[in-house]
Amino acid sequence: MSRQLNSDLNSAIEEAQALYLEKRPITAATHEEASKVMPGGNTRTVLFHGPVPLRIASGEGAYVKDVDGHRYLNLLGEYTAGIYGHSHPLIKKAIKDAIDGGINLTGHNTYEHRLAKLVCDRFASVELVRFTNSGTEANLMALSTARTHTGREKVMVMNGGYHGGLLYFGGGGIPTNAPYPFVLGRYNDIETTRALIQEHATELACVLVEPMMGSGGCIVGDVKFLQMLREETSKAGALLIFDEVMTSRFVGGGAQGLHGIKPDMTTLGKYIGGGMSFGAFGGRADIMELFDPTKEGHVPHAGTFNNNTLTMAAGIVGIGEIFTDDKARELHDRGTWLAQQVNQVFLAQSVNFIASGIGSLINIHASRTAPSSPEEVAQLDQSTRELLFLDLLEAGYYQASRGFIALSLEITDQNCLDFVEALNEAVQARKPLYM
């Protein structure tokens, strides 16, 4: 940050973008080639950022390296899927052993029931579980299960929520969403959402909610709001579904364990499959028995790779040996401490930033107060956050362009201290633009 910096925001962003491109010619060329065969050179919208998205070549431990040879501490952690870091030796061994035993076995294998037991033992609401290939798929299956179980049609989600590529409700929803009859609640708005549940009570199959909105900006769910959902869904005869694809990493039993609120169903994904493609939906036995092939009138649930050996083997080692309850608590506490240090930097510098979140999931916002709803996030200026993102990349720290951080187990206390120092320097260098 010793170079001369521009004093107005637009010029500063242009300068940062120019420096980014100057240092990453291979990244720019690769993006140009990718754009010839993929729309925008992209197949995961969340990874896209300007001026051209980072192109990662390799990863090891807590670090990634881009195609131009720049090395970054990976604070993004594959949007929570990369909790084990890059190429953890026990995960690698489990995958290799599974490959040696044969990948596509065309039948029940010796892994799936062992991973299922670990999941059921870990999450209080999950009495029986079924596997899918992604969190998106898990949420779609959970919604369809709830509708079948209750005999009702309507599904409540929260405005601004995200439950996968076909269940995106930023700005109220997108045209490619699954065609369920949705009712849009308002996150953390107890009375408005209570009234909506009561209004649609006889038609409402379920309420699907994240205990903390992850993709929405690490918006912490008010415990009283979550308790209201539990009470009102029970009264209405609807199911409460917790999307814990992200928040399942909170302590040992996820957000439901942290808050002491037991949903009827839970959806999971990301790291529970050892970082491989994975999803799961589970809940009360009387609900999940719908899929029992030994029972008359059961509902089929297929999926060639639901029980694929690579994911099953990696997942067993991941949550059975590596991410234990003790490690979950340790990671949770490290994230809590880091967020506190980050906010101390912002407070000491008197800048317009704040870190929100719970435990190892953190989001930096261009605000003096932590947003309590996605509507508040949508009103925030994103320009200063983009500038901070680019400056931190140049300092060797990779987070989401929207300010999202998901710590992995490979991130050390020293890594956190170094990041806080780099953040302080980056903010100090641009301080007049951030006030």
Side-chain angles (χ1 to χ4, degrees), residues 45-46 48-49 79 139 143 154-178 180-200 204 206-230 232-233 240-247 255 259 261 339 343 346 351-358 361-386 388-389 399-406 434:
T45 304
V46 72
F48 190 88
H49 64 80
Y79 289 87
N139 280 316
L143 294 184
K154 291 186 177 179
V155 170
M156 176 177 281
V157 292
M158 300 301 144
N159 184 48
Y162 175 81
H163 304 283
L166 297 174
L167 295 165
Y168 180 92
F169 301 97
I174 58 174
T176 52
N177 272 343
Y180 294 108
F182 292 111
V183 177
L184 284 179
R186 292 178 64 87
Y187 200 71
N188 282 334
D189 187 333
I190 293 175
E191 295 310 319
T192 297
T193 304
R194 187 202 304 274
L196 280 170
I197 294 173
Q198 293 175 350
E199 177 186 347
H200 298 275
L204 195 63
C206 61
V207 173
L208 173 63
V209 66
E210 283 186 287
M212 181 191 77
M213 276 191 173
S215 297
C218 288
I219 302 170
V220 177
D222 185 335
V223 175
K224 291 182 179 179
F225 174 74
L226 300 175
Q227 288 172 336
M228 178 276 293
L229 295 180
R230 176 65 287 176
E232 293 299 330
T233 50
L240 177 61
I241 306 172
F242 272 5
D243 177 346
E244 293 232 45
V245 169
M246 285 191 172
T247 61
H259 298 319
I261 301 173
N343 279 328
F346 297 150
V351 292
N352 196 44
F353 286 121
I354 195 167
S356 67
I358 297 176
L361 301 183
I362 302 166
N363 209 110
I364 295 173
H365 298 280
S367 174
R368 300 268 179 170
T369 57
S372 61
S373 71
E375 291 83 5
E376 288 181 42
V377 173
Q379 294 174 1
L380 299 177
D381 176 34
Q382 307 305 324
S383 300
T384 52
R385 200 167 61 178
E386 178 185 359
L388 183 61
F389 163 71
Q399 57 178 328
S401 60
R402 67 176 189 232
F404 180 67
I405 292 171
Y434 294 149

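All heavy atoms count here, side chains included; hydrogens, waters and symmetry mates do not. The model shown is predicted, which means the values in this text are computed figures rather than measured ones.
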Excluding sequence neighbours, so at least two apart, what forms side-chain contact (heavy atoms from CB on, under 4.5 Å) with R368?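 Partners of R368 under the side-chain contact (heavy atoms from CB on, under 4.5 Å) test: S350, N352.
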Taking the side chain as every heavy atom from C-beta outward, state whether [X] and [Y] have any pair of such atoms under 4.5 Å apart.
{"X": "I364", "Y": "Q399", "answer": "yes"}
{"X": "V207", "Y": "I241", "answer": "no"}
{"X": "V46", "Y": "R402", "answer": "yes"}
{"X": "F242", "Y": "V209", "answer": "yes"}
{"X": "L166", "Y": "N139", "answer": "no"}
{"X": "D222", "Y": "M228", "answer": "no"}

Test your reading of the model: is there a side-chain donor-acceptor pair from [X] to the backbone of [Y], 3.5 Å cut-off?
{"X": "N188", "Y": "S372", "answer": "yes"}
{"X": "Y187", "Y": "E210", "answer": "yes"}
{"X": "S373", "Y": "D189", "answer": "no"}
{"X": "H163", "Y": "D243", "answer": "no"}
{"X": "N177", "Y": "Y168", "answer": "yes"}

Which distance, rounded to the nearest 0.5 Å, do you find between the [atom1] of [X] and the [atom2] of [Y]?
{"X": "I174", "Y": "L167", "atom1": "CD1", "atom2": "CG", "result": "9.0 Å"}
{"X": "L208", "Y": "M156", "atom1": "CG", "atom2": "CE", "result": "11.5 Å"}
{"X": "M213", "Y": "L361", "atom1": "CE", "atom2": "CG", "result": "14.5 Å"}
{"X": "I190", "Y": "L226", "atom1": "CD1", "atom2": "CG", "result": "9.0 Å"}

If every non-hydrogen atom of [X] is compared with every non-hydrogen atom of [Y], which pair is closest and at what distance?
{"X": "F404", "Y": "C218", "value": "CE1-SG, 3.5 Å"}
{"X": "S356", "Y": "H365", "value": "OG-NE2, 3.1 Å"}
{"X": "S215", "Y": "M246", "value": "OG-CE, 3.8 Å"}
{"X": "I354", "Y": "A370", "value": "CD1-N, 3.5 Å"}
{"X": "N363", "Y": "R385", "value": "ND2-NH1, 3.5 Å"}
{"X": "T384", "Y": "A366", "value": "OG1-CB, 3.5 Å"}

Under the side-chain hydrogen bond (donor to acceptor under 3.5 Å, both in side chains) test, which residues partner [X], sequence neighbours left out?
{"X": "H200", "answer": "K154"}
{"X": "T369", "answer": "none"}
{"X": "R230", "answer": "T233, S234, D264"}
{"X": "N343", "answer": "none"}

List in chain and number order the residues that pass ring-ring contact (aromatic ring centres under 6.0 Å, His included) with F182, two or more places apart in sequence or in another chain; answer none if no residue qualifies.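 Only F169, Y180 meet the ring-ring contact (aromatic ring centres under 6.0 Å, His included) criterion with F182.
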As a quick check of understanding, evaluate side-chain hydrogen bond (donor to acceptor under 3.5 Å, both in side chains) for E244 and T247, giving each step before the final call. CA-CA 5 Å; E244 293 232 45; T247 61; 2.7 Å; yes
Heavy-atom count around F353 CZ within 6.0 Å, excluding the residue itself: above 12? yes
